[in-house]
Amino acid sequence: MKKFGLLGKNISYSFSPTLHNKIFELYNFEAEYKIYDVEDEGSIEGFLKSMKEDNILGLNITIPYKTTILKFVDELSSEVKDIGAANCIKFSKNKITAYNTDYFGLIKTFEKMGLYLKNKKVIILGSGGAAKACIKALIDLNAIVYTVSRNPEKTKMNLLNCFTISYEELLETSGYLIINATPVGTFPNTEISPVSTDVLQNFDFALDLIYNPKETLFLKFAHSKNKKIENGFCMLVSQGVKSEEIWNDVELNYEKIYDELVDEIYK
Ligand code: NAP
């Protein structure tokens, strides 16, 4: 039996076991996916040692350990080097390698939305780990990126084709795609949006990385202005699928897995 899991803190709510168990079922993998709730950073080294002894093959990493985990691995994939955070590690014979499959999940989401991003202006709300994965994916696709922060002076990034602005400056800005990479609007606080309808009307596409609720107020505002919208479910599924591909060295059919899960979660 192959062993996989999720490392994080207070994660009993996670959707990941459902997602990975669906993949095991669809592909007849003899495997298990367990939740590992670890209280503090000080316990991670010992935890990873026990995982190795238990012959675990891979772990997903979530809040609050996506950056901390880098101290305990032997090798960083190229996207992890640029983003500075990992959400997936693979155990091999003599090493642990870190990956950022959120990055691949975002690229899949842009594909699903039918976006052509070269030289297009994209706005990202927020400056956390998810925003950093967005920046890397968008820069790699040759977009021109603006991040919006409540503290633009503090969070400014020194990257080519990536600028930081305030929410006031955003009021005067238009572009191709706007992405909500803040937690604002997540269940149960669904009656708030990081920006108003006036801002959303200046963009062709709106993507919210939140997947619960299915349509956030941010997406409802964009929808009301006839913009094309997408939520974070495609990203969630495809980061999980990419993790399985890395761990098992196989190629999986993302669309098949997405179709199976989307009805189940939003029924
Ligand atoms: P995070 O680090 O907690 O926050 C992201 C950024 O949002 C912060 O750096 C902050 O930027 C801004 N922010 C936080 N609270 C805010 C508020 N009350 N008002 C306005 N801005 C606020 O979160 P994260 O890990 O990057 O995740 C961001 C979102 O993406 C979450 O909703 C998460 O669930 C979602 N996500 C989804 C997937 C998926 O697979 N669909 C994967 C990863 C993350 P400033 O301080 O610069 O304003």
Side-chain angles (χ1 to χ4, degrees), residues 6 8-11 13-20 60-69 79-80 83-88 99-110 112-113 123-138 145-157 162-170 178-196 199 206-219 229-244 254 257-258 261-262 265-266:
L6 175 68
K9 185 173 173 177
N10 302 329
I11 49 171
Y13 64 86
S14 173
F15 172 70
S16 290
T18 307
L19 164 59
H20 289 272
N60 285 124
I61 315 297
T62 190
I63 291 169
Y65 302 128
K66 284 187 176 186
T67 305
T68 316
I69 196 72
E79 79 282 352
V80 169
I83 297 165
N87 72 328
C88 172
Y99 300 86
N100 191 307
T101 65
D102 283 342
Y103 165 84
F104 295 97
L106 282 160
I107 291 186
K108 196 80 197 172
T109 303
F110 300 148
K112 179 172 185 281
M113 293 173 77
I123 300 288
I124 304 167
L125 309 176
S127 45
K132 289 194 177 93
C134 286
I135 294 170
K136 164 75 178 152
L138 289 162
V145 181
Y146 286 74
T147 61
V148 185
S149 171
R150 293 166 300 173
N151 301 296
E153 285 310 315
K154 224 170 108 188
T155 52
K156 205 184 270 172
M157 323 243 171
C162 181
F163 311 92
T164 305
I165 60 172
S166 66
Y167 279 89
E168 288 71 37
E169 288 169 302
L170 176 63
I178 182 165
I179 302 173
N180 179 24
T182 79
V184 180
T186 312
F187 181 83
N189 302 313
T190 56
E191 297 309 311
I192 45 173
S193 166
V195 292
S196 66
V199 168
L207 165 64
D208 201 326
L209 303 190
I210 296 168
Y211 57 90
N212 182 16
K214 183 180 183 183
E215 198 171 302
T216 56
L217 192 57
F218 171 86
L219 292 183
I229 61 168
E230 186 72 35
N231 73 11
F233 193 64
C234 172
M235 178 181 174
L236 178 71
V237 171
S238 34
Q239 61 76 28
V241 173
K242 185 71 189 179
S243 299
E244 289 290 342
Y254 154 79
I257 300 162
Y258 177 90
L261 284 161
V262 76
I265 186 174
Y266 291 126

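Note that the structure is a prediction, hence the values are computed from the model and not measured. When a ligand or atom number is given, it counts from 1 through the structure's own listing order.
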Protein residue, atom and distance nearest to atom 46 (O) of ligand 1, heavy-atom basis = Arg150 NH2, 2.9 Å
Evaluate the 4.0 Å heavy atom contact test for atom 34 (O) of ligand 1: does a protein atom fall under the cut-off?
-> no
Report the distance from atom NZ of Lys132 to atom CD1 of Ile83, rounding to the nearest 0.5 Å.
-> 10.5 Å
Note: ligand 1 atoms sitting under 4.0 Å from heavy atoms of Ile210 are 32 (O)
Hey, is atom 9 (O) of ligand 1 touched by any protein heavy atom at less than 4.0 Å?
-> yes
Roughly how far, to the nearest 0.5 Å, is CG of Leu6 from CD1 of Ile61?
-> 7.5 Å
From atom 21 (N) of ligand 1, is the closest protein heavy-atom distance below 4.0 Å?
-> yes
Which residue holds the protein heavy atom closest to atom 25 (O) of ligand 1, what is that atom called, and what is the gap in Å?
-> Ile63 CD1, 4.0 Å
Within the structure, does Gly129 bring an N/O atom to less than 3.5 angstrom of an N/O atom in ligand 1?
-> yes
Mind checking the CD-CG spacing from Glu79 to Leu106? Nearest 0.5 Å is all I need.
-> 11.5 Å
Answer whether the closest heavy-atom distance between the side chains of Phe218 and Ile210 falls below 4.5 Å.
-> no
Check: Thr164/Thr147 side-chain N/O donor and acceptor closer than 3.5 Å | yes
Is a side-chain donor-acceptor pair under 3.5 Å present for Tyr13 with Asn212?
-> no
So is Ala181 in contact with ligand 1, going by heavy-atom distances below 4.0 Å?
-> yes
Ring centroid separation for Phe233 and Phe15, is it under 6.0 angstrom?
-> yes
Could you grab the distance from atom NE2 of His20 to atom OG of Ser14, nearest 0.5 Å is fine?
-> 8.0 Å
Within a distance under 4.0 Å of any heavy atom of Gly128, pick out the atoms of ligand 1 and give their elements.
-> 2 (O), 5 (C), 6 (C), 9 (O), 26 (O)
What is the closest protein heavy atom to atom 42 (C) of ligand 1, and at what distance does it sit?
-> Met235 CE, 3.5 Å
Ligand-residue contact atoms, ligand 1 with Ser149, heavy atoms, under 4.0 Å | 45 (P), 47 (O), 48 (O)
Which distance, rounded to the nearest 0.5 Å, do you find between the CG of Leu138 and the OH of Tyr146?
-> 13.5 Å
Subset of ligand 1 atoms that lie under 4.0 Å from at least one heavy atom of Val184 = 16 (C), 17 (C), 18 (N), 19 (N), 20 (C)
Atom 29 (C) of ligand 1: which protein heavy atom is closest, and how many Å away?
-> Thr182 O, 3.7 Å
Will you find, in the side chains of Asn180 and Thr182, an N or O donor that is under 3.5 Å from an N or O acceptor?
-> yes
N-O pairing of Lys242 and Asp102 below 4.0 Å | no
Heavy-atom nearest neighbour in the protein, as seen from atom 4 (O) of ligand 1, with distance rounded to 0.1 Å | Pro183 CD, 3.9 Å
N or O contact, Ser127 vs ligand 1, cut-off under 3.5 Å | yes
If we number the atoms of ligand 1 from 1 as shown, the ones under 4.0 Å from a heavy atom of Gly232 are 39 (C), 41 (N)
Who's the nearest protein heavy-atom neighbour of atom 44 (C) of ligand 1, and how far?
-> Ala130 CB, 3.7 Å
Who's the nearest protein heavy-atom neighbour of atom 37 (C) of ligand 1, and how far?
-> Leu209 O, 3.3 Å
